[in-house]
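Just so we're on the same page: letters track the sequence lines, and every chain starts at 1.
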4 protein chains.
Amino acid sequence: MAIMPAKAKIDRTDQSSDRRNQILAIAARLFASHGYAATTVRDIADEAGILSGSLYHHFSSKEAIFQEILRSFMTGLLEQIEEIAAEGRGPRETLDGLIRTAFRVMEEQSDAVGLYQNESTILQSQVGFEFLSEGSARIEHFWREQIEAGQAQGVFRDSFDSAIVYRFVRDAVWSTVRWYRPNGRYTAETLTQNFLDLFHSGVLAEES
Amino acid sequence: MAIMPAKAKIDRTDQSSDRRNQILAIAARLFASHGYAATTVRDIADEAGILSGSLYHHFSSKEAIFQEILRSFMTGLLEQIEEIAAEGRGPRETLDGLIRTAFRVMEEQSDAVGLYQNESTILQSQVGFEFLSEGSARIEHFWREQIEAGQAQGVFRDSFDSAIVYRFVRDAVWSTVRWYRPNGRYTAETLTQNFLDLFHSGVLAEES
Amino acid sequence: MAIMPAKAKIDRTDQSSDRRNQILAIAARLFASHGYAATTVRDIADEAGILSGSLYHHFSSKEAIFQEILRSFMTGLLEQIEEIAAEGRGPRETLDGLIRTAFRVMEEQSDAVGLYQNESTILQSQVGFEFLSEGSARIEHFWREQIEAGQAQGVFRDSFDSAIVYRFVRDAVWSTVRWYRPNGRYTAETLTQNFLDLFHSGVLAEES
Amino acid sequence: MAIMPAKAKIDRTDQSSDRRNQILAIAARLFASHGYAATTVRDIADEAGILSGSLYHHFSSKEAIFQEILRSFMTGLLEQIEEIAAEGRGPRETLDGLIRTAFRVMEEQSDAVGLYQNESTILQSQVGFEFLSEGSARIEHFWREQIEAGQAQGVFRDSFDSAIVYRFVRDAVWSTVRWYRPNGRYTAETLTQNFLDLFHSGVLAEES
DNA sequence: CATGAATGAGTTTTCATTCAT
DNA sequence: CATGAATGAAAACTCATTCAT
């Protein structure tokens, strides 16, 4: 089962020079913290220690930077999911794996995740960002297959709708990026544990 | 137990004229769909059928419009929660009530909710928007009291952290605004049912 | 000798209602303290307790208010000078009288004087404000006649140019409006005494 | 005796490029002739041959231009006065020197002087323009020291107040900028001569 | 690669003025 | 007389982008 389509590595100017990546990281952080529209190319250039005009030696436009950040995030995410799919384990183990992965990605790439969380509504139908809907549709499809397989096998209760539950889970997990602070009160592992616990069993105590 | 502080509503121009409210509604919709920064005062004025400068007869700035939308949303939300608190029911019933209310508010004020979801990260530490953190802190506090009371009474399992669970729930519920479409495939009631089911019991089938 | 031309009382809407005069006084104060351009009609209306649009029931434009203030100031000033001229005293007594009068006017109509001091450069060649140059030319003419008469009579030294001295005196006197504070350290009488002393004898001690 | 404080010139963008100075000169002229508020950034840009937005490449705001003009004027003026103070001559010679210098500065920097004359009232208590009051207080202090020293030494008559006389002199001298025209009827030297004559001996002839 | 100067189209905001009620 | 809503023109300022050096 292929989550990702045939590899189509986009490399406009694939001089993955340090400079480029450094700028991408700076931009991701600023976009995530102030919003894409509210971040100016000068903000990015300032932090990179160059003049705003000089950014155009590395990227063709502000939007190109934005796209590249999200595209590489989405590509990486799909690869991770692909790996889990490749393991071919049962529905419960697979979903647990997806959830663990999501929390890990949220921690490791918090800027891209935050950016996606804040701008996705607006991006959904934007030209040039179709890869986002495509990627997220592919992920949703895989998730629903797993949920429905689990329900068919009696591993999961069948009183809920797979699409709805998927979205609740997805949003709850990714939204943590808004309040999770590395080196804060909680570790990503604690979040994962708590989430899986809630996900598996809900809040109610056994009513034996 | 008081969720809201003493009423102190002193608006500089508190003429809740029809025109004002009409403009607020237009602005809320535009801010929610394109983002605050990407919405121009001219967009708002155009939809209101006036010139952009004329907006300043009603509001002192673009940000003032933004603030007023969020402030009245937060005020209304706190009132709703206050009502539930006033009923003084048990933890499970109270939380169920809060969740039902949230879905209802999400449906009725989707613009304000969407706006809050998309811009909250950026607003968190913005001057003039402190009422958002204050309100949300008050809500979180009430939620956690209920969760912990339920755990103490044995109604809820005590294997999870009240703060973490609250945030998962909050984010999952409010995030629905991003994909829920009135008159779409799902009703708000369906969402509520599915959510409560998941919230109460998780996904796993009884392992008897 | 007539300082003023035939009476041409300007009364566009000569309802010298209290309201009008009240507004003129408010406007004069604001124009004097913040400058004409930096004072908005709304500032004036606010202080008058009405809406800015309502000002237009009393005056045809912002500039009309400005003109009326300066015109009535100039008219009054010319009348005062006329009176002194009518006394027909000698050059020294006449100039002393003019100086005394100027300090008195400066004290009594500080707003108009201040306004004139700050905006005169710009107004000099403005259409609609020709009465200012006309009035001030008339005053200068009278002054120079007196100075030159005094020099001819041997009352004043004749080592200086009447036009230059007139301007030094005029500017020194009127400029006091910028720093003189009623009820402050100095009285207008003190200023007058000091000025006359300096004017008459300069700073140097007798070199006997 | 130090008139100026320790040099602390730290400009954010201290590239005294030709372009900057050129723009400053244009702005000074326009501000002086039409007033600060009545001069638009477009007026300045037009004369500089660029678009109004391009001004912001050189200066952060219209007010910043204003400040820079006045600040460099005040700095230069204080330096000149410092030089005179350094000569350490007697009160009469020192004051004569200050007056000569003032007329020279008035001629050489008529725009800045005119600007200061027209806008000082409004600027007096404006944030960011404190250096004006500070500078002028320092100058006043030096003048009064000289006047009082002269009175103590019997060089000057002691029938007048040093503060009042200083202000008369200052205003009479600087106000000439409003009517003095280079290449006009009078030279700056003529003004200086007339002023010193009046300043030293007043208008009255010897009453032998 | 980077600078520094500029463009041009747009933004929010201001404000004198008008006018139906 | 006054209000309240609006106009319309212009203001200051922003910012992505270009380009000669």
Side-chain angles (χ1 to χ4, degrees), chain A residues 15 17 19-20 23 36-45 48-66, chain B residues 13 15 17-20 22-23 37-45 48-66, chain C residues 15 17 19-20 23 36-45 48-66, chain D residues 13 15 17-20 22-23 37-45 48-66:
Chain A
Q15 339 137 245
S17 69
R19 201 68 176 157
R20 266 181 79 82
I23 292 169
Y36 171 72
T39 301
T40 70
V41 293
R42 226 189 114 173
D43 291 338
I44 301 170
I50 56 178
L51 290 179
S52 64
S54 306
L55 274 183
Y56 290 79
H57 286 293
H58 301 282
F59 302 94
S60 64
S61 71
K62 185 186 174 189
E63 196 178 298
I65 299 177
F66 193 25
Chain B
T13 30
Q15 324 132 243
S17 72
D18 285 348
R19 202 76 178 113
R20 266 179 81 81
Q22 195 185 334
I23 292 168
T39 301
T40 70
V41 293
R42 228 186 117 172
D43 291 339
I44 300 170
I50 56 178
L51 292 177
S52 67
S54 304
L55 273 183
Y56 291 78
H57 182 62
H58 301 281
F59 302 94
S60 63
S61 69
K62 183 186 172 188
E63 195 179 299
I65 299 177
F66 193 25
Chain C
Q15 338 135 246
S17 69
R19 200 69 176 154
R20 265 181 79 82
I23 291 169
Y36 171 73
T39 302
T40 70
V41 293
R42 225 188 115 174
D43 291 338
I44 301 169
I50 57 178
L51 290 179
S52 64
S54 306
L55 273 183
Y56 291 79
H57 287 291
H58 301 282
F59 302 94
S60 64
S61 71
K62 184 187 174 188
E63 195 178 298
I65 299 178
F66 193 26
Chain D
T13 29
Q15 324 133 243
S17 71
D18 284 348
R19 203 77 179 114
R20 266 178 80 83
Q22 195 184 336
I23 292 169
T39 302
T40 70
V41 292
R42 226 187 117 171
D43 292 338
I44 301 169
I50 56 177
L51 291 179
S52 67
S54 305
L55 274 183
Y56 291 81
H57 182 61
H58 302 280
F59 302 94
S60 65
S61 70
K62 184 187 171 187
E63 196 178 298
I65 299 177
F66 193 24

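- Two residues, Ile50(A) and Leu55(D), neighbour DNA chain E, and the one matched to the more 5' nucleotide by heavy-atom proximity is Ile50(A).
- With sequence neighbours left out, Ser54(A) forms a side chain to side chain donor-acceptor pair (under 3.5 Å) with no residue at all.
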Assign a letter to each nucleotide of nucleotides 10-17 of chain F from its 5' end: B, base within under 4.0 Å of a protein heavy atom; S, sugar-phosphate only; -, no contact. -SSBBSSB
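- Stem analysis of DNA chain F (Watson-Crick or G-U pairs, both distances under 3.5 Å, runs of at least three) returns E:2-21 with F:2-21.
- Between Thr39(D) and Ile44(D) the shortest heavy-atom distance is CG2-CG1, 4.1 Å.
- Contact between the side-chain N/O atoms of Arg19(B) and the OP1/OP2 oxygens of dA6(F) is found at a separation under 4.0 Å.
- Residues forming a ring pair (Phe, Tyr, Trp, His ring centres under 6.0 Å) with Phe59(A) (at least two apart in sequence, or on another chain): none.
- Contact record, Ala37(B) with Ala38(A): CB-N, 4.4 Å, taken as the closest heavy-atom pair.
- Applying the side chain to side chain donor-acceptor pair (under 3.5 Å) criterion to Glu63(D), with sequence neighbours excluded, gives no partner residue.
- Remark: His58(B) is not in phosphate contact with dG4(F), judged by side-chain N or O atoms under 4.0 Å from OP1 or OP2.
- Residues Ala48(D) and Arg19(D) share a closest heavy-atom pair of O-NH2, 2.8 Å.
- Base contact: Leu51(B) has a heavy atom under 4.0 Å from a base atom.
- Between the P atoms of dC1(E) and dT21(F), the separation comes to 22 Å (whole Å).
- Residues that satisfy the side chain to side chain donor-acceptor pair (under 3.5 Å) test with Thr40(D), not counting sequence neighbours, are Asp43(D).
- Side-chain contact between Ile50(A) and His57(A) is absent, with no heavy-atom pair separated by less than 4.5 Å.
- Rounding to whole angstrom units, CZ of residue Phe59(C) and C1' of dA2(F) are separated by 15 Å.
- The phosphate of dA2(E) (OP1 or OP2) has no side-chain N or O of His57(A) nearer than 4.0 angstrom.
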